[in-house]
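Values reported hereafter were calculated over all heavy atoms of this structure, with side chains retained and with hydrogens, waters and symmetry mates removed. What you are looking at is a predicted structure, and each value in this text was computed from that prediction instead of being measured. Proteins get letters first, then strands, A, B, ... in listed order; numbering begins at 1 in each.
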Protein chains: 2
Amino acid sequence: MELHLQIKMNEKLFLRNPEQSDLGKKIILHSIQLIHKNGFESFTFKKLAEDIGTTEAGIYRYFENKHRLLIYIVAWYWSWLEYRVTVHTNNIKDPVVKLKRVIKLLAIAVEDDVKTSYVNESILHQIIITEGSKAYLTKKVSEDNRDHLFKPYKDLCAKIGDIILECNPKYKYPKSLSSTIIEMAHFQNFFMNNLPALTDFGKTKDESKIVAFLEELVFSSIKK
Amino acid sequence: MELHLQIKMNEKLFLRNPEQSDLGKKIILHSIQLIHKNGFESFTFKKLAEDIGTTEAGIYRYFENKHRLLIYIVAWYWSWLEYRVTVHTNNIKDPVVKLKRVIKLLAIAVEDDVKTSYVNESILHQIIITEGSKAYLTKKVSEDNRDHLFKPYKDLCAKIGDIILECNPKYKYPKSLSSTIIEMAHFQNFFMNNLPALTDFGKTKDESKIVAFLEELVFSSIKK
DNA sequence: TTCTAAATGATAGTAATACTATCTTATTAA
DNA sequence: TTAATAAGATAGTATTACTATCATTTAGAA
C-alpha cells in the first residue's frame, strides 16, 4: 500500500492551489531548494521561474508575492509537523513520554519523507530554522493572522500546550512554554551552527544536546 | 552634571561613523523611526533620505546597505542593554536578585534615555522585538560574525550566562539558557501583542506576565 | 470527437529598489 | 590660507516586483 499524505492548506495562502498541478508542485519544490541555497532575501520569482523553466508571470498566478509563498511553505511545515506529532504520540499514555517525543520531533532533523514527493522535508527543516520566523515578523502580521495564515503554527502550539497540561494541569504557562520550545528548538540549532557562542553546544552540531537542554528546561518548569 | 553615554561601535558596522556628525545622528534617529513605522522590509535609503532631507548617496556614505544599518542599530541596542545590566546589577551580591533584574531589563519596555539624545530607546526596543533577529537570520551570518558584528549580543549573552552560573555553578546550559531568556523576552512580547494564541497572556499586553513566566522558567531550571 | 474553458507560455512594460559615479559647494583643521 | 573632507546635487544602471496582453496547449464535458 502506498500512502499519500495530502495536507489541506488555507485557500488564502495562494491564488491557485499549487498542489493541484505539475507547475504548482514544481514551484514548491524549487522554491524550497532556492531559498535553502541563497536565502529568502535574495530569492526572487524571476530566479525561481528560470530554475523551473517557466516565466515570472506563471509563478504570480499561484502566489501573490514571495512573502505569501514563504508563509505557505512555513504553514505546510507546521501542518506536517503536527501530523507527525499526532502519529508519534498516538498510543502513548504517559504525557511525559509524549512530550519527550515532541521535543525530539522539533529538534532533530528529519529524513526526506517519501509520502510527499514534491517536498524535501530535510531541507525544509533547515529553511524553517532560518526563515520561519520571518513569516510573521512583519507589519502585516495581524492582517495575515486574521486570514488564519498562522493557524497551523497555533494549532501545533496548542497541541503541545495540551500535552504540557497533561503533565501538570496546574502549570500556568502551557502555551508560552510551548511556543518557547518550538522557537528554541530552532533557534538553538541556528545558534549552534552559526553563532556557537550563544549556546553550550560548541560546534559539535549535535542536535541531541539541544534535546537534552530543552528537556531539562521543560521538565524542571512543569514538574509538580 | 550632564552625562553623555557614548557607545563604542565596531568600525566594520559602518563606512563613516554616524556618531561623529549631525547627518550621521540623523540617519540613526530617522531610520529607527522609519523602521518602526513601516517595518524593515519596506524601509529604503531613498525614503530615509527624503525623511532627513538629504540624498540617497548621502546615506550610502555612512552605511553599505540597509542590512548593515539594521545590524548597527541592533548592535547598539545590545551594547546599551549590557551597559544597563551592568549599572543595575552593580552593587548586588545575590545572583538571584541580579538575574531577576536582568529579566526585567530584557522584558520591560524602557523609557527614552536622555543620555543618548539621538536614539529613542523606547521605540528602539519595539524595533528589536520585531526586526532584531533579522540581523543574523541570513546567509551571511558567519561572514558577519567573523567581522564581530554580533559581539554586543554575544557579550550580553555571556554576561547573563555568568550570572546564571553564579546562581548555580553546576548548571550545564548557562549560555543556551541565556540566549533563550533574551530571545523569549522579545518573542513572547511579540506574540502577546500580535499572535496572542501563542502565549498565556491574552491580549492584556502586560509585560509583567512575561517577566513572571521567564522567572519561573529560569529559576526552576537552575535551582540546585 | 469536438468544443470550450482553463492553464500555461511568451513577451512587453512600469515603477520602485539598490546601488555607483561624478561634480560642485560648504566646512573644518593644520 | 590652504587643503582636505563632508555634504549636496544630479544622473545613470541593473535588478526587483510586479501587471497586462495575447497566443498556444491541455483537459474535461457535451
Side-chain angles (χ1 to χ4, degrees), chain A residues 9 11-31 34-35 37-73 118 131 134-135 138-140 143-144, chain B residues 9 11-31 34-35 37-73 118 131 134-135 138-140 143-144:
Chain A
M9 302 294 289
E11 304 259 322
K12 294 213 170 157
L13 285 166
F14 47 76
L15 301 170
R16 184 174 297 168
N17 193 338
E19 292 188 346
Q20 279 166 11
S21 74
D22 263 14
L23 181 58
K25 287 173 192 169
K26 272 190 205 160
I27 289 172
I28 304 304
L29 181 70
H30 286 81
S31 59
L34 260 186
I35 293 172
K37 197 174 156 211
N38 306 316
F40 184 65
E41 278 69 35
S42 74
F43 169 78
T44 70
F45 277 6
K46 183 124 190 274
K47 291 174 190 165
L48 176 61
E50 274 160 22
D51 208 47
I52 293 175
T54 182
T55 59
E56 240 182 314
I59 318 284
Y60 277 105
R61 289 188 184 111
Y62 283 84
F63 291 98
E64 231 177 291
N65 53 54
K66 70 171 187 167
H67 187 249
R68 280 284 158 133
L69 175 50
L70 177 66
I71 297 180
Y72 179 94
I73 290 171
Y118 66 97
E131 322 289 354
K134 293 172 193 170
T138 70
K139 279 279 155 187
K140 287 195 153 188
E143 200 183 311
D144 290 342
Chain B
M9 303 294 290
E11 304 259 322
K12 294 210 170 158
L13 285 164
F14 47 77
L15 301 171
R16 185 173 298 168
N17 193 338
E19 292 187 348
Q20 279 166 10
S21 74
D22 263 14
L23 180 58
K25 287 172 191 169
K26 272 191 204 161
I27 289 173
I28 303 305
L29 180 70
H30 286 81
S31 60
L34 261 186
I35 294 172
K37 196 174 158 209
N38 306 318
F40 183 66
E41 278 70 35
S42 73
F43 168 78
T44 70
F45 277 6
K46 183 123 190 276
K47 292 174 190 166
L48 177 60
E50 275 160 22
D51 209 46
I52 293 175
T54 182
T55 59
E56 239 183 314
I59 318 284
Y60 276 105
R61 288 187 185 112
Y62 282 83
F63 291 98
E64 232 178 292
N65 54 52
K66 71 171 187 168
H67 187 251
R68 281 283 159 131
L69 175 50
L70 177 67
I71 297 180
Y72 179 94
I73 289 171
Y118 65 98
E131 321 291 355
K134 293 173 192 169
T138 70
K139 278 281 156 188
K140 287 195 152 186
E143 201 184 310
D144 290 342

d(B:Phe63 CZ, B:Leu70 CG) to nearest 0.5 Å is 10.5 Å
To the nearest angstrom, the CD-C1' distance between B:Gln20 and D:dA7 comes to 16 Å
To the nearest angstrom, the CD-C1' distance between A:Glu56 and D:dA20 comes to 13 Å
Rounded to whole Å, NZ of A:Lys26 lies from P of C:dG9 at a distance of 7 Å
Rounded to whole Å, the CG-P distance (B:Leu15 to D:dT5) equals 16 Å
Salt bridge between A:Lys12 and A:Asp144, side-chain N to carboxylate O under 4.0 Å?
no
Separation of C:dT27 atom C1' from B:Leu23 atom CG, nearest Å, is 14 Å
A:Ile52 atom CD1 is separated from C:dA10 atom P, nearest whole Å, by 14 Å
Between CG of B:Leu48 and P of D:dA7 the distance, given in whole Å, is 14 Å
Need one value for B:Arg16: base, sugar-phosphate or nothing, where a base atom within 4.0 Å counts as base even if backbone is also close, heavy atoms only.
sugar-phosphate
*Tell me, do A:Lys134 and A:Glu41 make a side-chain contact under 4.5 Å, heavy atoms counted?*
yes
The residue, A:Lys46 or A:Arg61, whose nearest nucleotide of DNA chain D is more 5′ is A:Lys46
* To do: Please state whether the phosphate of D:dA6, meaning OP1 or OP2, lies under 4.0 angstrom from any side-chain nitrogen or oxygen of B:Ser21.
  => no
Winner on side-chain proximity to A:Asn65, out of D:dA20, D:dC18, D:dA7, is D:dC18
* To do: Pick base, sugar-phosphate or nothing for A:Phe63, based on heavy-atom distances below 4.0 Å to the nucleic acid.
  => nothing
Subject >> Under 4.0 angstrom between B:Lys47 side-chain N/O and C:dT17 OP1 or OP2 >> reply: yes
Side-chain contact check for B:Thr44: nearest option of C:dA18, D:dT19, C:dA10 is C:dA18
Under the criterion side chain to side chain donor-acceptor pair (under 3.5 Å), I'd like the reasoning laid out for A:Tyr72 against A:Ser31: C-alpha separation, chi angles, the key distance, then a yes or no.
CA-CA 11 Å; A:Tyr72 179 94; A:Ser31 59; over 6 Å; no
Regarding the side chain of B:Lys66, the nearest nucleotide among D:dA17, C:dA7, C:dA18 is C:dA18
- Within the pair A:Thr55 and C:dG9, is there a side-chain N or O less than 4.0 Å away from OP1 or OP2? no
Phosphate-side-chain proximity, A:Tyr60 and D:dA20, N/O vs OP1/OP2 below 4.0 Å: no
Ranking A:Gly53 and B:Phe43 by the position along DNA chain C of their nearest nucleotide, the one closer to 5' is A:Gly53
Would you indicate whether B:Lys140, at its atom NZ, is surrounded by more than 12 heavy atoms from other residues, nucleotides or ligands within a distance under 6.0 Å? no
Rounded to whole Å, the CD-C1' distance (A:Glu50 to D:dT16) equals 12 Å
Ranking D:dA9, C:dG9, C:dA10 by distance to the side chain of B:Ala57, first place goes to D:dA9
